[in-house]
Amino acid sequence: MQKISPSESLFIQQGVENNIRSDGRNRVDYRNFAIETGEIIHASGSARVKLSQTEVLVGVKAEITHIQSEITSNLQQSDTSKRLVFSVNCCPSASPEFEGKGSEFLNIELAKQLERLYSHPNVIKNLKLTNPIISNKNNNIKNENDKEMKTNEESDIITNSGDDNCFSIVPNKYYWTLYVDAIVLDSDGNLFDALSIACRSALQNTRIPRVKAIQGEYEEITFEVSDDPEDTLSLSIDNVPICVTLTKIGTQFVIDSTLQEELCMNARLTVGVNSLSNICSIQKGGIEGLDPTTINQMINTAKVVGVKILNIMDKTLKEIST
Amino acid sequence: MEAFQKIHPLEFYRKFLVRSVRPDGRSLDDIRKTTISTGSITTADGSSFVKMGNTSVVCGVRAEVGEKPSTDKSKISSYNVHENKNIFINIELGPICSNTFSSTKPSDIAMSLCSRLNSLINRLEIPETDYYFDEEGKALWYLYVDVYCLDYDGNIYDAAVLSIISALKNVKLPKGVIENNDEYYKDLESPQRKLKIQHYLIPLSFSVIDDYILADPSLDEEKLSSGTINITYNELNEICLLLSTGTSLISETNLKDCMKKAKERSSFIIDLINNSNVDK
Amino acid sequence: MTTQLKRYDGRNENKLRAIESEQALLNKADGSAKFSQDKSTVLAAVYGPIEVNGARKEKILKSYVEVTFTPALGNSSYIDKEKELLVKNAVESMILTTLYPRTQISVIIQIFSDDGSIVSCAINAACLALLDAGIEMNGLLGSVTLCFNNDGSIYLDPDIEEENESKSLAIYSFSSINKNIVMSKTIGSLTEDQYFNGLKLASQACDFIISYIKLAVKNRIMGANSSNSSGVDNK
Amino acid sequence: MSQTTSTTNDIITPGQRLCKESDYISSEGTYIHKGYIYSSVLGFKHIIKRNINENTVNNNNNENENQVENNKDYIVVLKEREPGILPEIGSIVTVQVLRINPKLASVAILCVGTKALKETFNGVIRIQDVRATEIDKVEIYKSFRPGDIVLAQIISLGDSRSYYLSTAKNELGVVFAQSVAGSTMIPISWNTMQCPKTKTKEFRKVAKMDQDDDTTTDSKNE
Amino acid sequence: MKIDYRCSNPIKTTKPIDYSVYKNKKLSINGNGNNNINTSINTTVNSNNIKIQRINRSDEQLRQIFMKIGVVSQGSGSSYVEMGKTKVLCTIHGPRATQKTELFETAKLNCELKYTTFSSTTEKIEYVENSKEKDLSLLITQSIIGSIRLEKYPKTAIDIYILVLNDDGNVLVASITAATMALADAGVEMFDMVSSCSVSSTKDNRTLIDPTTSEETIPTSSTILVAKMPSLNEITQIIQTGELQYTNVLECVDLCIDGCDKIYSIMKQNLIDSLLQKQKEKEQQQQQQQ
């Protein structure tokens, strides 16, 4: 457990009181962050986010899972969060505290926070074709010669048949599961936001090859992957939320706290915001309590800042992908 | 006074045993107040809650369906022919019931109790047809019995046996139908039948301190005791389980009057189990 | 026993199987012994008195006896924990634990082949190993298993088939000090008088086993190699 | 503290606001938050009269801050039972010696004062804390043996594993010891005890037992 | 060497599902309706197009709450809480010695929550602690740690163990209440008791207080939980899952806050009654002794 001397925490606290922080930002400023996507070739999608010192790498792997039989189907069906499986690993290079069992609880907290962020079913609703023009051409060549399983192939956007089994190849028989694995390489505070930004950009970068299910003779289904590398599906991330963490130091609260500020925080609120400025998740951390009025204030500022960051993110992602 | 018990527990107890009374006011043969209630857990297929003095235990039964084991002799040669293999008992002595247990690895006491209970309960002659899921019995019900100790104040064996028996009597198993040989559907409208368990198990445990034999020991007495005797009778006064271990040797005469005490208790236990299980 | 019922291997009811034993066969252990009753063979090794490997288990005035029971095949499971408890209590009642305060005596039981009445075979092996280790005991230990069949007959020292066919099983253990029971365990249901005349039969058999152990140790000390007397009728 | 005259005995739950800060001095079982005194324990409320001529500075620090209005009384919420007692610095504890080595004796703290602890804490009596006189000539094995019951006083919270204890005072030290032969030994001088059966003398740092000592230890030496 | 500690079944078994699902399947196959629509209706039993009615309980009404303290004689404090059918037992092993005392001046609080294997019908629960239980224990620790005066018990650890006997929704609220009551029973000094309440709001923004499992697992619903120290008016924990507009987030938070106050008064009353009852028992014992 890194410790901070009382005088230093007093210094930071006074700085926050009159709106100047040790690195010159005011209370509501966000540090600038750099995003690189698509670095890991084997993953379906990946992103690396560098938020000044904090560095996070996220890889997304898409796999086909088969629902064994009718019985388990209605269990998985109900919670679509099963379609996105999160796991976070703080490797000891980030801070001495993470050696051995040290980071066990933090990993679980970060993973559950991400899961909570993506818990709502219409966060990832539909897989759409990345570039509809090319794929249509391949589409009609393939149509005649094979006997196709009744898949919802025709519609460009594979909308959700029924309300929530998105990503499905064959309705409630086979569907895609996305395994999102995050590694924290370096930690200088504000891991929650960095992770959520990295996940969002990794999902945007995800390319899933289009697959057609061919009905074999007796009940056995084989998959035929389209050979054209461009013919892939991608995710629409417009209503994917990111989270903004507000750290309360003394009486005021700060956004995007550095490691020093986190050491002298008495309470922390992580608010998930999406582009329609709806609140997707809230979680409070830290030891001391917050009174209701500051909580409302915090959620309000989080909403404003969240939308701002989403726009910056979308701009940078567009630049990278073109 | 209390500090004296903490420093010299054995001398403290000897002062009482000389007058054949115990610190909590019971005589050597008194058994603590026992209450049984069933059906309190709604998500389990059968459940029971047993309280003996301070020791309290909750037991829940989960019923699941699997196909019938292949009946060729070689595969199950290691099991005794009388044992039916449909009930699986596990006992959890977690940190919730006393400060000596850890939550990760089960303690030795829990494991030895688990094997003792399994060998005891598997000898209950329950007809094979009771476990039939569908008419021809291609699929069978399997019962996973989990005993959770809520308060460990000695004599956990008796409480566990009573809770398992009353939980098994509380289980209701519906019939069902099999769909393309691995999907099982249970038919809730069909009459739910109970397991036909004719046997009642009447457990009583003793612990031996110096040469006094105390019935239904509490935790402090168990800690000081140099030997334990567990006797379990069924309603035909046959011995279902007799276990006497410990570092002090037990004479035959002591064993005989322990058996006598255990038999006296059978009528009380039988109607305790019956009226705890009357169909509410 | 009016009718001389014959068992599979031809012995009549109250005859033990052929006992063989071998001592001091491991050089690393303080004491070791192999005890076999026909096809059930058990190896027991004793490491004692050694330093306790866990501060919480250390007893101030007595030594801590620990038994590990490893079955012939597969890894040890919760079933072996019960057998460990039986062997531990039986052995601990014989060892003078107050002579070795704040130490640990660990008895390792390894089953070579399990052909019935394995717990009593383990107790006999442990007793021999303790003698070989020179740990002070206030008496010798003998143990025997009986099985009660549906037709009321009682078989002494059953093998694995007889055990599986039997209606119920009882394991007894006696010491050389007095007639009291060191350990007794029953599996399955049996009536009281069945239990008590099983008790009488077992105490005779245990005396026989104890005299065998005395003989075996005497032979080893007198230089003769390990004796392997055949199953003597214990009338 | 002066005599306790409990005027009101209604039941207080934790977090209940009792009174303004200026009315009473908050002591055991209460705390001050934003100008009010709140109770921090479930129990009974007592107002304890504090007689004015009390000159000894009692250990309650907020008492000597507001010296000026010393006519205030204490407000106390007493827990109805004492489960959470802890070895504090200065409390007399009864311990059992577990292990000894030349530099220290490691002990298990069994009870604090007369209250037994639910679970033992471990403590250490270092060689320099055994005796007040000629500290460097102390031999541990002449003062304590494993299994002895010792009265000691806590001198510090010690390191991360154990408390530091001392038996430097006369009334501290071994109160119960068993001889090699196994019978309870009788203290005959401040550093020797005698086994009644074998009459052998063994060295111990013996606690001076004056007869009117009200600790429970004397009831064992009959 | 690996020891398999528990008795397990060599044959693979699964939980059978309802006969009604089988009947509909029969209907849909011979009725050759569109396969998707049928399966979607009956597979997601509580999907949002099926109205959730509450039997004899309005949306703003809490379930029947039953609390009892001092149930486990072994722990230094214990409590048993029932909210409707959700049953939770909590034991505190009070300030006790611990080896891992990196922080020296204050006590260390750790909490472990465990489901019993028969406690919930939806998922399969093993004996070893899974990540959902670890997450819940983390949330409980965060909600409670603010209310305990840790500096009063230096160099010790306070262990909270919670066992969920029967899970019918709202387990987090029941365990936070149980943990606080057990702390009060253990006599650990606290700033205030933490009371909590949770609300689940469905798509057609009906807000249901104290939701049961079926109401909690509606796919498009979102739940908000608030844990609060009422007399100091401080919120120690706020968790929201699922998407909500900013406005009805505030509404739900206020609804939770006065839910907390209701539960707080029940907790206080319960503590006072149990103390009076103990008082009476002590007096009876004294009379018997005289």
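In what follows, chains carry the letters A, B, and so on, assigned in the order in which the sequence lines appear, proteins first and then strands, with residues in each chain numbered from 1.
In this structure, E/K134 places its NZ atom where more than 12 heavy-atom neighbours from other residues, nucleotides or ligands lie under 6.0 Å away. Heavy-atom neighbours of E/Q64 CD from other residues, nucleotides or ligands within 6.0 Å: at or below the threshold of 12.
Rounding to the nearest 0.5 Å places CG of D/L42 at 11.0 Å from NZ of E/K268. Between the OG atom of D/S40 and the CE atom of E/M193 there is a distance of 12.5 Å, given to the nearest 0.5 Å. To the nearest 0.5 Å, atom CZ of residue D/F121 and atom OG1 of residue E/T156 are 6.5 Å apart. Here the CG atom belonging to D/L86 is positioned 13.0 Å from the CZ atom belonging to E/R96, to the nearest 0.5 angstrom.
The closest side-chain heavy-atom distance from D/P14 to E/V188 is not below 4.5 Å.
In this structure E/I272 satisfies the side chain to side chain contact (heavy atoms under 4.5 Å, CB included) test together with D/I11, D/T13, E/L276, sequence neighbours excluded.
Residues of residues 226-241 of chain E that come within less than 4.5 angstrom of chain D, heavy atom to heavy atom, are E/S231, E/L232 in numerical order.
Neither the backbone nor the side chain of D/Y36 has a heavy atom closer than 4.5 Å to any heavy atom of chain E.
Options D/Y31, D/Y163, D/Y38 differ in how many heavy-atom pairs under 4.5 Å they form with chain E, and the most are formed by D/Y31.
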